[in-house]
Amino acid sequence: MSDIAELLHRHQPSAQRRFKDLVHDRLPLTPASFPHDATFSAATATWNYRAQVQPVGVVAPRSTAEVQEIIRCAREAGVTQLAIRSGGHSFEGASLGGQDGRAVVIDMVEMNDITIDRDAETATVGGGTLTGNLMVAAFEHGGLMLPTGECIAVGMGGQIQCGGYGHYSRTYGILTDRLLRAEMVLADGSVVTVDNHHNSDLFWAIRGSGTGSFGVITSLTVQLNKAPAAPANFFIKYPLTDAASFVSTFKAMQEYSLNAPLTFNPMIVIWRERLQILGSLATETDAERDALIADMREKLPPTDEFDIRPADYVETMRVQGLEDSSAPNYPDLVDVRRERREHLRYMKNQGRIRARTVHRRTHPGAGRTRHQPTGGRRADPVARPRSELRAPGRGHSHQEPRLPVVDGHVLGSASLRRRRHRHHGRNGQKSGRVAQPGLRDLLSVHHRRLHRRRRLRRR
């Protein structure tokens, strides 16, 4: 070791250094990367310019036993946060810890096995399996499918906990509700199976936990269903000429979405100069599809841009991934893999971004933003009649879970949020209701406003 490397090693925080030594000692064959390793840049690579986070280290287990040992090493070394990385699709870089030097990453990328049971119409997959890979495998085994989000490079371990709302959700529901059972490693290193009959409270909790975590999901079993036999994608656009045309067109879209057959799966997109309704038709026969298309033409406002594209299920998902997702990079679903830096771009959850911020943060890669919405907002209406709605749906943000190691159990942001909003409904913040701000949040807003008034007075 060179003198510089020796100095850097000696000045590492004690918990980080201890964890690194324990992993190298106990898991010598497990892929692991730490700062100053030649493999660290590739291990932490991500697709979003604004989420280039540098964690304490990255370890990629290949079995449940290795996940257990990683957690034991972390506890023994005094590591205070583990970040679980499944697909790495989090806009905020939560699967890398959210901030530099904060977390050790358990990277599930190696645990991606897929087993399809055609008779039971189920799939058992590793926590690092990508939705696009499962999509192809299920369809190849008897024309089966699973409703997921439209982004095809998202990890199952993350999306199963926070939504999976996509262009087939109105017909088949969301991914979260398809979970049958899961194997998990908890913060104390123990392994549990969760389903409706075993650890049912934990089974309920993980179906909607979102950005927090109650453990590491090493494998999960989901319910599949037959893919529609005669589906199609639709893309219908309306130019926005004035406020009156916007209001009338939008109301007509919403009215049709609320009353259309459940085989009609819409998404409404408001762009800067046009209004668009797009999605999929989950029809079973050509005649049913033609009848639904005729109904759409009759009841939606007329337009010259009325595009219907019949295809099989996998093709509809491939096109959606290319034309209506944050990862439009896979013309062939066989090539779906975790995104690293090969398609760097800038994504932000909030709808408005100040021009100064965009220039400062993305100017070096301004050309990379070409695939992103330019001032648009998207509204994803479930549009079921109220009498047919089940329990409130969970959110669909693609964020990986975080796991702070606490003695005996996990107190991630989700569990804290659930306790705080226990009386606000089963799904808390993910139920579609806006959680009440805490006192600290209100005081922060108050102080900012007060400070702004004082500055204005001084002027």
Side-chain angles (χ1 to χ4, degrees), residues 27 29-32 42-43 58-71 82-89 95 105-149 151-162 164 175-176 178-186 189-195 198 203 206-207 213 215-225 227 314 317 327 330 332-340 398 400-401 403:
L27 299 167
L29 301 180
T30 302
V58 181
V59 188
R62 293 164 294 187
S63 67
T64 300
E66 289 189 358
V67 174
Q68 290 180 279
E69 193 59 47
I70 293 168
I71 292 178
L82 296 177
I84 308 151
R85 196 180 196 196
S86 180
H89 195 71
S95 57
V105 176
I106 298 181
D107 192 339
M108 303 299 290
V109 67
E110 299 288 339
M111 299 183 68
N112 56 10
D113 291 341
I114 299 174
T115 302
I116 307 292
D117 186 331
R118 294 180 61 171
D119 294 332
E121 294 188 352
T122 62
T124 300
V125 302
T129 302
L130 300 182
T131 55
N133 298 139
L134 175 56
M135 200 180 295
V136 173
F139 194 72
E140 289 177 346
H141 286 76
L144 300 174
M145 66 160 285
L146 180 71
T148 66
C151 295
I152 57 179
V154 179
M156 285 290 294
Q159 191 173 100
I160 199 73
Q161 296 183 73
C162 60
L175 176 62
T176 297
R178 292 303 187 96
L179 183 63
L180 298 176
R181 72 187 64 87
E183 179 187 76
M184 300 179 64
V185 181
L186 305 184
S190 62
V191 179
V192 296
T193 297
V194 298
D195 56 28
H198 305 88
F203 182 59
I206 64 174
R207 291 175 294 161
S213 180
V216 183
I217 295 179
T218 53
S219 72
L220 49 100
T221 301
V222 292
Q223 184 68 59
L224 308 175
N225 61 267
V314 170
M317 293 301 295
Y330 299 101
D332 190 337
L333 293 188
V334 176
D335 297 329
V336 174
R337 60 191 181 280
R338 173 187 285 171
E339 287 195 274
R340 298 188 184 274
H398 307 307
E400 310 302 331
L403 172 61

Over all atoms of both residues, closest heavy-atom pair of [X] and [Y]:
X: Thr131; Y: Cys151; answer: OG1-O, 3.4 Å
X: Ser86; Y: Gly128; answer: OG-CA, 3.9 Å
X: Pro61; Y: Val67; answer: CG-CG2, 3.5 Å

Legend entry - Val191/Gln68 under side-chain contact (heavy atoms from CB on, under 4.5 Å): CA gap, chis, key distance, verdict: CA-CA 8 Å; Val191 179; Gln68 290 180 279; 3.3 Å; yes

Those residues that, when tested against [X], pass side chain to side chain donor-acceptor pair (under 3.5 Å) (two or more places apart):
X: Asp195; result: His198
X: Ser63; result: none
X: Arg178; result: Asn225
X: His141; result: none

Inset, instruction - Using the side-chain contact (heavy atoms from CB on, under 4.5 Å) rule, take Thr30 and Val59 through it: C-alpha gap first, then chi angles, then the decisive distance, then the call. - result: CA-CA 7 Å; Thr30 302; Val59 188; 3.8 Å; yes

Legend entry - Arg62: partners by salt bridge (Lys or Arg N to Asp or Glu O under 4.0 Å), with sequence neighbours left out: Glu66

Return all side-chain donor-acceptor pairs below 3.5 angstrom for residues 116-124, not counting sequence neighbours, or 'none' if the list is empty.
from   : atom 1 : to     : atom 2 : distance (Å)
Asp117 : OD1    : Asp119 : N      : 3.1
Asp117 : OD1    : Ala120 : N      : 3.0
Thr124 : OG1    : Thr221 : OG1    : 2.9

Inset, instruction - Find the distance between CG (Leu146) and CG (Leu175) and round it off to the nearest 0.5 Å. - result: 5.0 Å

Inset, instruction - First locate atom CZ of Phe203, then atom OG1 of Thr193, and finally report the distance between them rounded to the nearest 0.5 Å. - result: 11.5 Å

With sequence neighbours excluded, residues passing side-chain contact (heavy atoms from CB on, under 4.5 Å) with [X]:
X: Leu220; result: Val125, Met156, Ile160, Leu179, Ala182, Ile217, Val222
X: Ala60; result: Pro31, Asp107, Val109, Glu110
X: Asn112; result: Thr129

Close side-chain approach of [X] and [Y], heavy atoms under 4.5 Å:
X: Met135; Y: Thr148; answer: yes
X: Met108; Y: Val216; answer: yes
X: Arg85; Y: Ile106; answer: no

Inset, instruction - Determine whether the side chains of Glu183 and Thr218 contain a donor N or O and an acceptor N or O closer than 3.5 Å. - result: yes

Inset, instruction - Ignoring hydrogens and angles, tell me if any N or O in the side chain of Glu69 forms a donor-acceptor pair with the backbone of Ala65 under 3.5 Å. - result: no

